[in-house]
Amino acid sequence: MIRVRFAPSPTGYLHVGGARTALFNWLFARHLNGTFILRIEDTDQERSTEESIEQILEAMRWLGLDWDEYYRQTARRSVHQQLAQELVDRGCAYMHAGAWWFRVPKEGETIVHDELLGDVPFQNAQLKDFVIRRSDGSFVYNFVVVADDADMRITHVIRGDDHLNNTPKQILIYEALERPLPHFAHLPLILGPDRTRLSKRHGVTSVLEYRRRGFLSEAIVNFLARLGWSHGDQEFFTRDELIELFSLENVGSSAAIFDEAKLFWLNQQHMKAADPEELCELVKPFVLEKGLVTQAMWEKANPERLSHGVTLLRHRCKTLHDLADVMTILFPVPIEHEKEIHLDEEEKTLIGALIETLERVEPFTPQASEEAIRDMLAARGAKLRDVAPTCRIAIAGRKAGPGLFDILSLVGRGLVLSRLRALVKERGV
RNA sequence: GGUCCCGUCGUCUAGUGGCCUAGGAUAUCGGGCUCUCAUCCCGGCGACAGGGGUUCGAAUCCCCUCGGGACCA
């Protein structure tokens with residue numbers, strides 16, 4: 001039975017590097033029907049906070065990384081105590097100056113058989129004896145990890161390669177304890193654009209911050225998975241596809257730079273692939289957050305109209321924020337015009353004719369209004385481009401957007417006419 | 001400083017000795033389509049860090065150098 005764990009220390013939010021480690025463990029477990037364990041390493045009382053724990057759990061839930069078992073390291077002190085004592089009893093550790101020291105062989109080498117890196121040998125002579133229990137009674141990281149992993153019967157330790165140098169020490173502890181060694185897989189780190197380890201100074205690294213910025217969790221998961229893992233030329237993956245295809249064999253061994261450009265593209269792809277009704281639910285808080293549309297207005301809106309809206313409008317949106325911005329045109333709220341409209345005499349007449357045309361079109365569909373508008377324009381010797389830009393700004397606030405006739409039908413006759421009339425009235429026609 | 005890891009287009013990557021005049025994606029640039037923007041389609045730019053070997057043949061194997069990173073001090 002496969003058992004893996006993700007073991008964050010709750011000293012801050014879950015950042016994308018940690019999230020990727022969690023993801024790879026989770027994918028590995030789900031792919032093999034194994035057990036995914038979440039272990040909060042909160043033994044550093046000074047820096048650990050309850051708030052961090054809650055943030056990490058929230059980020060994990062949002063990403064869809066569900067866990068099968070949950071532990072807090074602070075609750076496991078007796079296990080640590082017991083295994084440390086076992087080392088002393090076996091003569092593998094000794095006490096000196098108030099601390100407990102692990103005895104490292106003076107000769108030979110310890111080889112890390114890494115699933116990703118191959119065999120990495122370390123000379124024992126370089127390791128030297130090390131402390132496992134400080135004089136204040138607290139246990140040292142390298143010991144606690146092994147105690148917990150051994151006790152939880154972890155079969156695969158998948159973690160960042162910043163731990164590779166610690167691994168020989170940990171292996172020696174397993175051997176001293178006569179516990180079965182887990183498989184190790186050290187993932188290359190994620191770097192910032194300056195090629196140093198990704199950190200806060202590189203900008204946004206918090207998983208939940210990406211949620212706030214309007215990214216879909218499926219897109220983040222997809223993006224993180226492709227940072228180091230690949231499956232031929234495929235770029236787009238759903239969560240289920242990742243579970244089905246994931247394997248450590250396809251994980252690379254070189255560090256990757258976190259570059260948001262592709263994340264934006266992936267987010268767009270996932271928005272386009274999303275179920276319209278689900279996308280409505282996802283974009284709703286962002287629309288409400290803008291402050292123009294109220295909860296009541298949203299609830300009153302026809303769900304089909306909203307679904308139709310997102311399917312039409314999502315093509316030019318990178319994030320849910322973008323989508324929320326354009327979704328407001330569906331509601332009876334003031335539209336922010338991207339530029340001032342200046343109408344000359346000819347345009348005023350055309351808009352007037354357009355209003356008359358749209359009052360009569362039946363039904364108010366893209367096809368019917370296109371036919372009617374083109375007829376009206378042809379009769380006056382005008383072109384679509386003579387009215388379209390102005391009409392777009394009046395109705396949707398901007399020149400860019402879906403096809404004019406689609407917009408008309410989407411926004412609906414009532415709102416279209418009131419916006420056009422407001423335009424004409426303002427210009428005093 | 002010591003130990004260890006890594007090194008293919010700007011970025012993510014495919015490539016496991018011949019299929020590589022190195023493929024895909026993104027970004028960027030140009031074209032097509034359209035009322036506009038986007039989507040979409042087509043095209044351009046763009047990489048095997050360098051040097052030695054091994055081999056009939058190397059991005060792929062070995063060595064050195066250089067570069068980057070991590071951990072420990």
Side-chain angles (χ1 to χ4, degrees), chain A residues 17 20 109-112 114 116-128 130-131 140-142 159-170 184-199 222-237 249-269 271-273 311-318 322-323 326 338-339 350 354 366 369-370 373-374 377 382-393 395-408:
Chain A
R20 195 196 46 162
E109 58 180 18
T110 299
I111 301 173
V112 178
D114 192 276
L116 263 33
L117 305 173
D119 288 356
V120 185
F122 292 85
Q123 296 303 315
N124 289 339
Q126 299 260 327
L127 266 29
K128 307 213 175 84
F130 56 91
V131 173
V140 165
Y141 172 79
N142 276 324
R159 76 228 303 191
D161 77 6
D162 46 337
H163 290 290
L164 181 61
N165 285 312
N166 285 327
T167 310
K169 292 180 185 175
Q170 296 174 11
F184 289 99
H186 287 93
L187 268 18
L189 260 25
I190 296 179
L191 273 28
D194 62 355
R195 298 198 165 272
T196 63
R197 185 182 183 153
L198 193 66
S199 70
N222 189 162
F223 179 70
L224 255 21
R226 282 290 286 106
L227 236 42
W229 175 85
S230 63
H231 183 257
D233 286 341
Q234 190 172 344
E235 296 288 350
F236 181 94
F237 299 88
E249 282 174 37
N250 297 313
V251 176
S253 52
S254 60
I257 292 175
F258 191 86
D259 177 24
E260 284 187 351
K262 199 162 182 175
L263 175 58
F264 276 99
W265 174 76
L266 268 175
N267 201 54
Q268 183 175 37
Q269 298 302 310
M271 286 207 295
K272 284 166 66 177
T311 45
L312 209 54
L313 298 169
R314 62 182 163 182
H315 292 287
R316 61 227 88 209
C317 298
K318 299 282 192 193
D322 299 342
L323 186 56
V326 290
E338 70 176 0
K339 83 178 251 218
L350 270 179
L354 181 66
S369 56
E370 170 159 16
I373 290 172
R374 287 199 189 274
L377 290 170
K383 300 281 188 200
L384 187 55
R385 65 168 172 271
D386 296 330
V387 280
T390 308
C391 186
R392 288 175 164 287
I393 291 181
I395 294 168
R398 56 182 76 176
K399 279 191 281 190
L404 177 63
F405 310 110
D406 285 324
I407 287 245
L408 292 174

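In what follows, chains carry the letters A, B, and so on, assigned in the order in which the sequence lines appear, proteins first and then strands, with residues in each chain numbered from 1.
To the nearest 0.5 angstrom, A/Asn222 atom CG is 7.0 Å from A/Phe237 atom CZ.
Comparing B/rG69, B/rA70, B/rG7 against the side chain of A/Leu191 picks out B/rG69 as the nearest. Here the nucleotide nearest the side chain of A/Gln268, chosen from B/rG7, B/rA38, B/rA70, is B/rA38. Taking the side chain of A/Asp259 as heavy atoms from C-beta on, and the options B/rG10, B/rU13, B/rA27, the nearest nucleotide is B/rG10. When the nucleotides B/rC12, B/rG24, B/rC4 are ranked by their closest atom to the side chain of A/Asp233, B/rG24 comes out on top. Nearest nucleotide to the A/Asp162 side chain, out of B/rC35, B/rU13, B/rC71: B/rC71. Here B/rU3 is the nucleotide among B/rU3, B/rU8, B/rC37 with the atom lying nearest to any side-chain atom of A/Asn165. If you check B/rA70, B/rA27, B/rU13 against the side chain of A/Ala261, the one that comes closest is B/rA27. Closest approach to the A/Trp265 side chain among B/rC35, B/rA27, B/rC12 is made by B/rA27 (side chain taken as heavy atoms from C-beta onward).
Counting non-hydrogen atoms under 4.0 angstrom, A/Pro402 reaches a base of the nucleic acid. At a threshold of 4.0 angstrom between heavy atoms, the contacts of A/Phe264 with the nucleic acid are absent. Among the atoms of the strands shown, only primed sugar atoms or phosphate atoms (P, OP1, OP2) are found under 4.0 Å from some heavy atom of A/Lys272.
Residue whose closest nucleotide on RNA chain B sits further toward the 5' end, between A/Leu116 and A/Asn166: A/Leu116. When each of A/Phe122 and A/Arg314 is assigned the nucleotide of RNA chain B with its nearest heavy atom, A/Phe122 is the one assigned upstream, toward the 5' end.
Rounded to a whole Å, the CD atom of A/Gln170 is 14 Å from the P atom of B/rC71.
Between the side chain of A/Lys262 and the base of B/rC12 there is at least one donor-acceptor pair of N/O atoms closer than 3.5 Å. A donor-acceptor contact under 3.5 Å is formed by the side chain of A/Glu235 with the base of B/rG24. Looking at A/Arg392, its side chain comes within 3.5 Å of the base of B/rC35 through a donor and an acceptor atom.
Distances shown here put a side-chain N or O of A/Arg374 below 4.0 Å from the OP1 or OP2 atom of B/rC35. For A/Arg197 and B/rC71, the shortest distance from a side-chain N or O to OP1 or OP2 is below 4.0 Å. In this model, the phosphate group of B/rC72 is not approached by any side-chain N or O of A/Lys128 to a distance below 4.0 Å at OP1 or OP2. Residue A/Arg195 places no side-chain N or O under 4.0 Å from the OP1 or OP2 atom of B/rG7. The phosphate of B/rA14 (OP1 or OP2) has a side-chain N or O of A/Ser230 nearer than 4.0 angstrom.
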